Amino acid sequence: MIFPKSFQLLVLSALIIGGCQNSSSDQAAKSDPNTSAEAAPETSNTKLAVSRDTVVTTAASTTPAAAGKELTPLDSLRLIGPKITGSILPDKRILAYYGNPHSKRMGVLGEYPKDEMLRRLDRETKNWEKADPSKPVQQALHLVAITAQGAPGKDGKYRLRMTDYTIRKVIKWAAEHNAICFLDVQVGLSTLQQELPYLEKYLTLPYVHLGIDPEFSMKTGARPGTKIGTYDAADINYAVNFLSRIKQEHNLPTKILVVHRFTQRMVTNYKNIKLNPNVQIVMHMDGWGEPVLKRDSYRDYIKKEMVQYTGFKIFYHNDVKKPPHHLMTAAEVLTEDPKPIYIQYQ
C-alpha cells in the first residue's frame with residue numbers, strides 16, 4: 001500500500017526545496033518560495049538549494065604516531081570511537097538520529113545543538129532498552145553526507161557533497177559519544193559509482209557505515225523532489241560490493257548498508273540483491289503518517305520483500321501532523337514481526 005499524498009514525505013525535502021516539508025507521491029512536489037536555503041558556511045561557492053566490544057587492530061587503524069609523524073584528521077578519528085569487531089547485528093539494535101547539522105528542518109541531528117541532541121538520543125535509548133531489555137542498543141548518528149538539490153549545480157548533477165569538515169565533525173560527535181556513524185547518499189542525477197568514492201576514506205573507519213536513498217536517485221533525469229526515484233538490485237549490489245572491498249582491504253568489522261524505502265518502485269528486482277558475509281543489509285521503512293499507514297508500508301515493502309534485516313523510522317514532527325496525532329512508541333513498533341533491528345528518528 002502506497003501512502004496517500006496527504007501522508008507521504010519526501011524525506012529530505014527540507015534540503016531539496018528551500019527548507020519546506022513536502023508530502024510525496026508519484027506526483028510532483030511543490031516548493032515553498034518563502035523559505036530560504038540553509039547553507040553550510042564552508043560551502044562558499046555552492047549554496048544548499050535545500051539543504052563488540054574489543055579493540056580492532058588493523059593495518060587501517062595504524063597511525064603515523066609511532067613513527068613520530070603528525071596525525072591527519074582521519075588518523076585522529078581512528079583513535080576514538082566505539083571499539084567494534086565482528087558484526088553489530090543482530091546482537092544489538094541500532095538507534096540512529098538522522099539529519100544534517102546545517103539544517104534544523106532536515107532531522108533531529110541538526111535540529112538541536114549537539115549536546116542537547118545527544119541528550120535526547122540518550123533518553124530515547126533508555127526507552128528502547130526498557131521496551132526490549134533483551135537487545136542492547138548501539139547508538140548512531142546518520143548524516144546525510146551527499147544531499148540531493150533542487151538546482152543542478154555546476155556539473156548538472158543536482159546533488160551537493162558535504163565538505164570534509166562537516167563529515168569529520170559529525171563522525172567525531174558520534175565517536176566521542178561511543179556511537180557509530182552512517183553516511184547517507186542522495187545521488188540526484190549522479191550515480192553511486194560516481195559518489196561513493198568520495199566517502200571511501202571515511203568508510204575505512206571501523207565504526208562508519210553507509211546509507212543510500214532511492215528516493216533521490218533520478219534515473220529518468222527528473223529534478224529531485226518532483227518524482228520519487230528508484231534503485232535496482234544492481235545498484236544495491238554495487239554498494240554492497242563497494243563496502244565489502246573496503247572491509248576486506250582494511251581488515252574491518254562487518255559493514256552495514258541501510259537502504260531507505262516507502263514505495264514499491266523505490267527498489268526493483270529485490271530478489272536479485274545478493275547477500276555478502278562482509279556486509280549486513282537493512283531495508284528501512286522510511287514513510288511517515290499515522291501508525292496504521294506506517295505499519296502497512298513496513299509490511300508491504302519491507303517484510304514482504306525482506307532481504308536480511310529491517311528498519312523502521314519515526315518522524316518526531318511529521319508523524320503527528322495529522323489526526324490521530326500519535327507518535328509510535330518503542331513498545332508499539334516492537335509488535336511488528338519481524339521486530340525492526342534498525343530504528344531511525346528524524
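Please read these numbers as outputs of a predicted model, since none were measured by experiment.
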Starting at [atom1] of [X], measure out to [atom2] of [Y] and round the result to the nearest 0.5 Å.
| X | Y | atom1 | atom2 | value |
| --- | --- | --- | --- | --- |
| Ile171 | Ile180 | CD1 | CD1 | 12.0 Å |
| Arg168 | Leu205 | CZ | CG | 11.5 Å |
| Glu290 | Asp296 | CD | CG | 9.0 Å |
| Leu257 | His209 | CG | NE2 | 11.0 Å |
| Asp155 | Ser190 | CG | OG | 7.5 Å |
| Ile314 | Gln346 | CD1 | CD | 11.5 Å |

Among side-chain atoms of [X] and [Y], is any donor-acceptor pair under 3.5 angstrom?
| X | Y | value |
| --- | --- | --- |
| Arg295 | Thr335 | yes |
| His260 | Gln344 | no |
| Lys321 | Asn318 | yes |
| Gln139 | Asp122 | yes |
| Glu124 | Tyr316 | yes |

Is the side chain of [X] donor-acceptor paired with the backbone N or O of [Y] at a distance under 3.5 Å, no angle test?
| X | Y | value |
| --- | --- | --- |
| Asp319 | Gly289 | yes |
| Gln308 | Ile281 | yes |
| Gln138 | Lys92 | no |
| Lys303 | Asp337 | yes |
| Asn237 | Asn272 | yes |
| Asp235 | Asp232 | yes |
| Asn100 | Val144 | yes |
| Glu332 | Thr329 | yes |

Restricting to non-hydrogen atoms, name the atom on [X] and the atom on [Y] that form the minimum distance, rounded to 0.1 Å.
| X | Y | result |
| --- | --- | --- |
| Leu203 | Phe242 | CD1-CE2, 4.0 Å |
| Leu141 | Met117 | CD2-SD, 3.8 Å |
| Tyr231 | Leu192 | OH-CD2, 3.4 Å |
| Lys247 | Pro253 | CG-O, 3.3 Å |
| Ser87 | Thr254 | OG-OG1, 2.9 Å |
| Ala131 | Leu334 | CB-CD1, 3.8 Å |

Problem set entry | Cation-pi geometry met for Arg120 and Tyr97 (6.0 Å, 45°) | no
For this session: Answer yes or no: does atom NZ of Lys135 have more than 12 heavy-atom neighbours from other residues, nucleotides or ligands under 6.0 Å?
Result: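 Yes, NZ of Lys135 has more than 12 neighbouring heavy atoms, counting only those of other groups under 6.0 Å.
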Do [X] and [Y] belong together in a cluster built from hydrophobic side chains that touch within less than 4.5 Å?
| X | Y | result |
| --- | --- | --- |
| Leu327 | Leu95 | yes |
| Val187 | Ile212 | yes |
| Tyr158 | Leu160 | no |
| Phe216 | Leu189 | no |

Exercise. For Val258 and Tyr309, what are the C-alpha separation, side-chain angles and deciding distance, and is it a side-chain contact (heavy atoms from CB on, under 4.5 Å)?
Worked result: CA-CA 9 Å; Val258 172; Tyr309 299 105; over 6 Å; no
Near-ring test [Y]/[X], centroid separation under 6.0 angstrom:
| X | Y | answer |
| --- | --- | --- |
| Tyr298 | Phe312 | yes |
| His142 | His284 | no |
| Phe262 | Tyr301 | no |

Does any non-hydrogen side-chain atom of [Y] lie less than 4.5 Å from one of [X]?
| X | Y | answer |
| --- | --- | --- |
| Ile341 | Ile94 | no |
| Val267 | Met283 | yes |
| Tyr202 | Leu74 | yes |
| Tyr198 | Ile167 | yes |
| Leu109 | Trp173 | yes |
| Leu199 | Ile146 | yes |
| Pro214 | Val259 | yes |
| Leu275 | Val307 | yes |

Any carboxylate oxygen within less than 4.0 angstrom of a Lys/Arg side-chain nitrogen, looking at [X] and [Y]?
| X | Y | result |
| --- | --- | --- |
| Arg93 | Glu129 | no |
| Asp164 | Lys201 | yes |
| Lys294 | Glu336 | no |
| Glu305 | Arg261 | yes |

Exercise. Stepwise, does the side-chain contact (heavy atoms from CB on, under 4.5 Å) test hold for Asp213 with Met266?
Worked result: CA-CA 9 Å; Asp213 197 341; Met266 284 176 72; 4.3 Å; yes
For this session: Might you work through the side-chain contact (heavy atoms from CB on, under 4.5 Å) test for Leu89 and Tyr342, ending with a clear yes or no?
Result: CA-CA 9 Å; Leu89 308 176; Tyr342 171 90; 5.8 Å; no
For this session: For the pair Glu200 and Arg245, evaluate side-chain contact (heavy atoms from CB on, under 4.5 Å) and give the outcome as yes or no after the intermediate values.
Result: CA-CA 10 Å; Glu200 179 166 354; Arg245 175 183 60 78; 3.0 Å; yes
